[in-house]
Amino acid sequence: MQSNLDQPVQYLKSVGPKRAESFRKVGITTIRDLLFYFPTRYLDRSTILTSSKVIQYLSSDYAGEVTIIGSVIDKEKIRYGKRQLFKVRMRDSQGFFECVWFQGIKYFTNLFNIGEYFAISAKPVITKYGHLQFVHPDFDKLNDSESQEFLNTGKIIPHYPLSKELRDVKLGDLSLRRIISSAVEMYVSELGETLPEWFIEKHSIPGIVFSIKNIHFPENSEQLKNAITRFKIEELFYLEILIALRKKRIKAKNLGIKFSVDPGPVKKILAALPFDLTSDQLKVLHEIRVDMESEESMNRLLQGDVGSGKTIVALIAMIIAVSNGFQAALMVPTEILADQHFKTISKLLKNFDYKINLVIGGQKKSDRDKNLKDILSQSNLIIGTHALFEQTVNFKNLGLVIIDEQHRFGVAQRAGLIMKGKRPDVIIMTATPIPRTMSLTVYGDLDVSTIKEKPQNRKSIKTKVVAEKSLPEVFNYIVENSRKGFQSFIVYPLVEESEKLELKAAETYYEKLKSTFLKNISVGLLHGKMNWKDKEKVMMEFAEGKFDVLISTTVIEVGIDIPNANMIVINDAFRFGLSQLHQLRGRVGRNDVQSYCILVTKNEYAVKSAQYTFDFSYLSKSQIEKNKSIIRLNAMAQYDDGFKLSEIDLKLRGPGDIFGIKQSGFPELKFADIVNDVELLIKAKEDAFELIKIDPDLSNPQNSILKNIIEEKYKENLHFINIA
Ligand code: ADP
Ligand code: MG
């Protein structure tokens with residue numbers, strides 16, 4: 001049924017063909033679209049200062065952006081040398097201030113007219129003449145009655161995004177506000193509800209008409225908050241319904257292998273281990289076992305902090321697959337790690353009659369050919385790098401795929417290996433815990449198993465941030481450490497742009513240390529450019545204790561397990577991201593002795609600040625942006641828990657950096673943000689999953705609104721789900 005809301009915007013007063021065309025360019029064609037064109041910020045009297053308050057405020061420590069309202073008393077263009085600036089002088093009830101622009105002078109000159117009211121937002125400064133000044137501020141034009149009302153009644157004024165297209169047709173703050181205001185007044189009552197009654201009641205959120213009114217022209221800040229919450233939770237609810245539908249669809253479609261668990265081989269491997277599994281390892285194994293015994297394909301994410309013992313869990317799953325007559329493959333991101341897994345697994349399985357193959361890029365052709373032949377005929381366990389999903393690799397009957405350090409592989413690469421089996425069971429493992437928000441969204445269709453506790457007797461790693469000038473002391477520690485029989489890593493960052501130069505630096509560094517600070521102990525060198533045989537040799541020798549110290553680039557970042565190493569020194573720690581630092585630190589602390597992580601930086605301030613716990617949640621976005629590396633080092637010094645760190649990392653990177661929602665076929669979020677709206681996200685998820693469990697086709701009449709909207713508005717996403 002065609003409603004008034006579907007009429008073109010041109011139907012509205014003061015919208016002619018030209019403006020309608022500009023509206024179309026920003027995605028607004030109908031009146032309904034206009035009602036859903038939401039303000040991006042609001043002017044609220046409670047956040048406004050007067051000019052005299054601003055000056056007081058300037059002397060406080062937290063001087064950031066402020067908003068101030070005033071009227072224009074004069075304006076002028078001023079030449080200085082070859083350049084020009086534009087200055088507007090303004091006043092409010094308490095005094096005078098000025099705004100200046102160095103660019104866009106013509107545009108601004110026409111905008112500011114004497115007697116007009118503006119709300120000005122920027123970081124204030126005091127000029128050398130003692131004037132209160134705002135440079136290139138944000139501003140909102142207010143009309144007389146608005147500014148009076150605003151100042152007297154505390155009305156909240158919406159501020160809409162004004163793109164160039166809109167400005168070109170003379171749509172400014174005032175005129176746009178007027179058009180939207182009359183559209184809301186005339187048409188809002190015709191809007192149909194977009195959420196079912198039960199959901200609205202359950203969460204005590206306002207209905208659609210009230211919400212639209214209040215998101216544009218709020219009665220007060222409380223109602224504004226309610227309206228915003230409604231649109232956020234609504235958006236998240238639909239997202240989670242799509243995720244729940246997809247998860248259900250994948251399960252139902254992918255009937256895979258039904259393994260049966262023979263306790264014999266599992267007992268045998270457990271007996272061969274020098275330790276007992278932790279209760280988290282057992283819990284996770286149980287979850288995997290239930291999946292493997294079911295006829296639905298397993299699609300499970302196993303997350304556990306660095307050193308929590310994921311490898312052994314993976315190995316037991318592989319043993320279950322192999323004892324059912326299937327092949328199991330383990331894919332890892334680096335050759336060194338593949339080799340390490342190959343060696344430990346071969347050792348653990350020496351009393352099993354299994355054929356194990358290693359496939360890595362750097363192998364000799366004859367070795368490679370033999371491996372490929374084995375994989376096609378008699379191999380049971382296959383361990384390898386990216387080389388595994390190459391075309392030449394063909395399996396006899398791949399039944400289980402395990403991907404270690406999954407974030408190092410693209411979706412296509414993971415799929416490439418999985419496609420080589422007939423609906424194999426899949427476990428993807430990660431030591432970079434996926435923040436809760438991500439496991440609720442991008443990874444929402446995976447089942448998640450988590451290892452929280454580390455093996456007993458592990459001590460938390462002592463982490464210290466030190467200045468570069470203290471390196472000699474650090475080297476003394478290393479020498480002392482080796483006297484006690486322990487080993488150390490020294491990591492040297494390698495920057496892509498100048499690999500050769502840096503490599504030279506690593507080599508020089510190695511030579512220098514060997515002849516100075518570390519001359520009485522033995523030192524090895526490992527870097528990415530070494531050929532495979534040399535890398536393998538150095539790693540083996542380090543594992544066997546032939547060196548006290550391994551100087552290395554970040555090739556050791558993931559997975560490497562040398563339990564006797566208890567000290568890691570990370571040079572130029574500023575250069576690394578938080579998860580990378582945590583991964584690197586995870587190379588130590590794999591034993592029951594005390595381990596140490598030393599982060600070296602040139603920045604003295606970082607050294608000082610790392611001594612204190614500081615809560616950066618009160619910092620503004622731009623302050624966080626400026627101090628990211630200091631915050632990272634501080635977080636490393638304060639926390640040892642990968643989950644905590646990944647939450648901090650996400651906060652530092654911000655939601656803009658969370659990729660993958662779009663690629664995963666889910667709608668992009670417009671209102672909610674999955675970092676700051678976690679609470680709402682969790683509520684939405686619980687309701688959506690419960691809903692799909694009890695009403696999978698949304699056929700219950702009380703869910704008909706949901707069914708209609710999913711089928712219309714989310715048609716494309718639904719299509720993607722059906723083909724996934
Ligand atoms: P990650 O989860 O980082 O991949 P690993 O699987 O490499 O961790 O395990 C780290 C170290 O802990 C290895 O040396 C492993 O043998 C050891 N380990 C694993 N499980 C246990 C356990 N239950 N008790 C003691 N040590 C364990
Ligand atoms: Mg590992």
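These numbers were taken from a predicted model, which means no experiment stands behind them. Counting starts at 1 for both ligands and their atoms, following the listed order.
A side-chain donor-acceptor contact under 3.5 Å links Ser595 to the backbone of Gly589.
Every residue was checked against the salt bridge (charged side-chain N to carboxylate O under 4.0 Å, His left out) condition with Asp592, not counting sequence neighbours, and none meets it.
Taking the side chain as every heavy atom from C-beta outward, Asp305 and Lys454 approach each other to under 4.5 Å.
Residues in residues 381-399 take part in these side chain to side chain donor-acceptor pair (under 3.5 Å) pairs, two or more places apart or across chains: Arg368-Glu390.
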Please give the N or O to N or O pairs under 3.5 Å between ligand 1 and the protein, distances rounded to 0.1 Å.
unit_1, atom_1, unit_2, atom_2, d
ligand 1, 2 (O), Ser308, N, 3.4
ligand 1, 2 (O), Gly309, N, 3.1
ligand 1, 2 (O), Lys310, N, 3.0
ligand 1, 2 (O), Lys310, NZ, 2.7
ligand 1, 3 (O), Gly307, N, 2.6
ligand 1, 3 (O), Arg590, NH2, 3.0
ligand 1, 6 (O), Lys310, N, 3.2
ligand 1, 6 (O), Thr311, N, 3.0
ligand 1, 6 (O), Thr311, OG1, 2.6
ligand 1, 7 (O), Arg590, NH1, 3.1
ligand 1, 8 (O), Gly309, N, 3.3
ligand 1, 12 (O), Arg458, NH2, 2.8
ligand 1, 14 (O), Asp561, OD1, 3.2
ligand 1, 14 (O), Asp561, OD2, 2.7
ligand 1, 20 (N), Gln281, NE2, 3.0
ligand 1, 23 (N), Asp276, O, 2.8
ligand 1, 23 (N), Gln281, OE1, 2.9

Side chains of residues 346-356: which donor-acceptor pairs under 3.5 Å do they make with residues two or more places apart or in other chains?
unit_1, atom_1, unit_2, atom_2, d
Ser346, OG, Phe342, O, 2.6

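Contact check on Glu536 versus Lys533 returns a salt bridge, with a Lys/Arg side-chain nitrogen under 4.0 Å from an Asp/Glu carboxylate oxygen.
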